[in-house]
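Structure first, commentary second.
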Number of protein chains: 2
Amino acid sequence: MRATVMYGAGDVRVVDVADPQLKEPTDAVVRVLRSAICGTDLLHYGAMPPDEQGMRIGHEFIGIVEETGADVAGLEAGDLVVAPFMYADGTCAFCAEELHTSCPRGGLWGFDGVDGAQGEAVRVPWAQATLVKLPVAADSSLLPSLLTLADVFSTGYHAAVTGGVGPRTTVTVIGDGAVGLSAVLAARRLGAEEITLMGRHKARTALGREFGATAVVAERGEEGIERLRELTGGTGTHVVLECVGSPSALETAFGVTRDGGTVSRVGVPQYVEGPVGFDVFNRNVTLTGGVAPTRAYIEKLLPDVLEGRVEPGRVFDRTIGLEETPQGYRAMAERTALKVLVKP
Amino acid sequence: MRATVMYGAGDVRVVDVADPQLKEPTDAVVRVLRSAICGTDLLHYGAMPPDEQGMRIGHEFIGIVEETGADVAGLEAGDLVVAPFMYADGTCAFCAEELHTSCPRGGLWGFDGVDGAQGEAVRVPWAQATLVKLPVAADSSLLPSLLTLADVFSTGYHAAVTGGVGPRTTVTVIGDGAVGLSAVLAARRLGAEEITLMGRHKARTALGREFGATAVVAERGEEGIERLRELTGGTGTHVVLECVGSPSALETAFGVTRDGGTVSRVGVPQYVEGPVGFDVFNRNVTLTGGVAPTRAYIEKLLPDVLEGRVEPGRVFDRTIGLEETPQGYRAMAERTALKVLVKP
């Protein structure tokens with residue numbers, strides 16, 4: 001089959017790879033109907049050292065079950081399914097607590113001999129626990145929104161939930177990428193009435209306003225902190241959803257958090273240490289969030305998507321075929337695309 | 001009057017200073033009945049650059065009201081009162097949220113022209129909001145326990161509350177100082193049944209066991225992390241109360257926290273940055289806590305102390321007169337005393 005392989009920074013190719021086959025009785029093979037390119041794929045695209053072997057990539061997909069192992073119950077060939085961006089066994093203590101990302105037998109698509117999602121098909125470990133059946137047809141117009149449950153919308157929701165967003169909290173969202181916009185949508189869905197989006201790409205912040213942002217701050221760094229504090233009577237907001245992961249985004253996050261408030265981060269940290277010393281301590285600011293156990297959110301958010309109460313799929317502003325993933329990466333890296341949908 | 005003044009690292013003297021007088025109509029003057037030496041005083045004692053002027057010091061006291069300003073209601077001469085370690089106006093938005101430590105008009109004893117507590121008397125700003133009347137006599141045997149409400153017991157309680165300690169959480173407490181032992185007591189009071197105390201001073205950890213610790217880990221650093229993980233089936237505990245503030249204590253705290261769990265810190269950070277990068281993110285570990293708004297806890301914890309359900313005053317293992325505070329500092333610095341009570 002054909003699949004996307006990354007060979008180093010800026011070097012993505014679509015090549016022939018072995019067809020996926022059942023290895024374990026708990027596996028399924030799923031034909032990919034839609035996949036996507038993610039901001040975290042771009043981190044590799046910007047920094048991966050050259051590697052002749054290459055790395056299978058992509059971790060978001062909706063597909064149709066082709067074959068299931070002997071121990072997979074509740075799924076059969078022909079089922080339309082969505083996968084969270086990490087697979088998990090569904091039986092360990094962490095899965096029971098809905099922290100599937102800490103499952104000792106779980107993992108990320110594209111690593112440890114597991115297929116990446118930007119290809120024609122995927123072998124799915126722990127298929128019964130990992131996959132969620134979707135009650136829609138293969139040509140449903142809801143597919144883009146349903147695909148965001150795999151990662152970006154669920155990730156934005158994780159930020160908002162762990163940050164404690166509710167009707168009485170004021171919120172800042174840092175970052176106008178697909179996760180930041182998803183976090184705006186999630187905060188609104190959880191009842192927040194004051195949501196300030198910090199971002200400087202006009203088309204993106206415009207979508208953020210449609211998703212529920214009530215103000216936009218385009219300035220960055222110290223200037224951005226000052227501007228946001230002005231907007232909030234000098235104090236900052238109760239909750240800050242940090243959806244970038246850069247050192248400066250984290251610094252800004254602490255700078256715009258109200259004393260006693262919370263920074264909830266879902267941007268993958270591009271830092272080893274963070275500024276959590278005396279100032280943050282003295283202001284009783286909490287740092288929470290982390291990698292989103294999206295498996296836990298798919299079923300919770302599914303009714304909202306199926307019934308049209310939210311349309312997170314609007315973050316996709318370009319659709320390409322599988323052979324075009326190299327162009328898709330380029331478009332996202334150059335920020336001419338917000339988020340790219342791949343139709344193999 | 002006589003008061004303790006610190007002139008530099010290791011240089012504490014008891015000297016004559018001006019008698020406190022009402023400056024604002026919201027002030028009171030309180031004669032000190034009991035004060036104490038605190039671990040945070042020791043930070044200055046270890047590091048203060050020489051200063052001929054000196055710095056008034058001490059921030060824990062119980063006393064008797066001598067005089068009140070015209071705008072102070074509800075207090076009169078003769079009242080026995082305890083003060084939290086920071087005064088606050090009681091009227092701002094932060095005070096209303098019980099985050100008195102962020103009160104813009106609040107402050108710490110000994111700074112900005114306000115008296116320190118290790119003296120004969122103190123001028124109390126915002127006296128009506130700051131002081132809490134105690135329904136006991138001046139010779140009550142409860143005074144030591146009541147004095148811990150000013151700082152250490154309330155601080156340990158803050159750690160446990162912000163960390164989310166409850167009957168279903170396993171807990172690690174890092175540090176066997178007065179705050180760490182108070183945190184053990186607080187965690188037990190909040191229903192925790194598994195409390196591991198990390199500390200290596202036998203007399204202190206023995207008191208920790210009496211306060212509710214169910215296990216003690218004397219090892220430190222990597223070895224301590226390994227030992228604690230062994231005790232918890234490899235995972236660490238749900239909540240870790242970090243009561244030291246050193247970089248290594250914070251590192252240990254993250255190392256012994258279960259995935260999805262919380263580090264709640266009340267040790268004053270002796271670091272500018274902390275290790276909150278990918279590993280902490282990937283394990284969904286939260287960092288919370290901060291300087292304790294003890295004013296909020298005094299009334300909540302008072303019944304427990306008055307009715308003898310807790311005896312946090314057992315952390316005091318030496319009592320001295322005011323003229324002996326230099327010896328008191330030395331004893332705490334050399335760890336021959338756990339916590340020193342001062343009887344002016």
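Sequence lines set the chain letters: A, B, ... in the order given, protein chains first and strands last, and positions in each chain run from 1.
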Under-4.0 Å salt bridge between B:Arg229 and B:Glu226: no

Most chain A-contacting option - heavy-atom pairs closer than 4.5 Å, from B:Gly274, B:Gly277, B:Pro275: B:Gly274

side-chain hydrogen bond (donor to acceptor under 3.5 Å, both in side chains) evaluation trace for B:Thr237 with B:Thr232: CA-CA 7 Å; B:Thr237 61; B:Thr232 54; over 6 Å; no

Pair B:Glu60 + B:Lys339: basic N to acidic O under 4.0 Å: yes

Chain A contact via B:Val280 - which portion, at a heavy-atom distance below 4.5 Å: both

Which atoms of A:Gln270 approach chain B - backbone, side chain, both or neither, heavy atom under 4.5 Å: neither

Flag side-chain contact, heavy atom, 4.5 Å: A:Arg265 against A:Val240: no

Contacting moiety of A:Phe278, where chain B heavy atoms sit under 4.5 Å: both

Reported CD-to-OG1 distance for the pair B:Glu194 and B:Thr169, which is rounded to 0.5 angstrom: 10.0 Å

Best-contacting candidate, A:Thr286, A:Thr101, A:Asn284, against chain B by heavy atom pairs under 4.5 angstrom: A:Asn284

Most chain B-contacting option - heavy-atom pairs closer than 4.5 Å, from A:Leu99, A:Val268, A:Thr288, A:Leu287: A:Leu287

Closest-packed option against chain A by number of heavy-atom pairs under 4.5 Å, given B:Val263, B:Val266, B:Asp279, B:Thr162: B:Val266

Option in B:Ala292, B:Gly245, B:Gly267 with maximal non-hydrogen atom pairs under 4.5 Å from chain A: B:Gly267

Interface moiety of A:Val272 toward chain B, non-hydrogen atoms closer than 4.5 Å: backbone

Check: B:Phe94 ring centre within less than 6.0 Å of B:His100 ring centre: no

Between A:Tyr87 and A:Trp109, ring centroids under 6.0 Å: yes

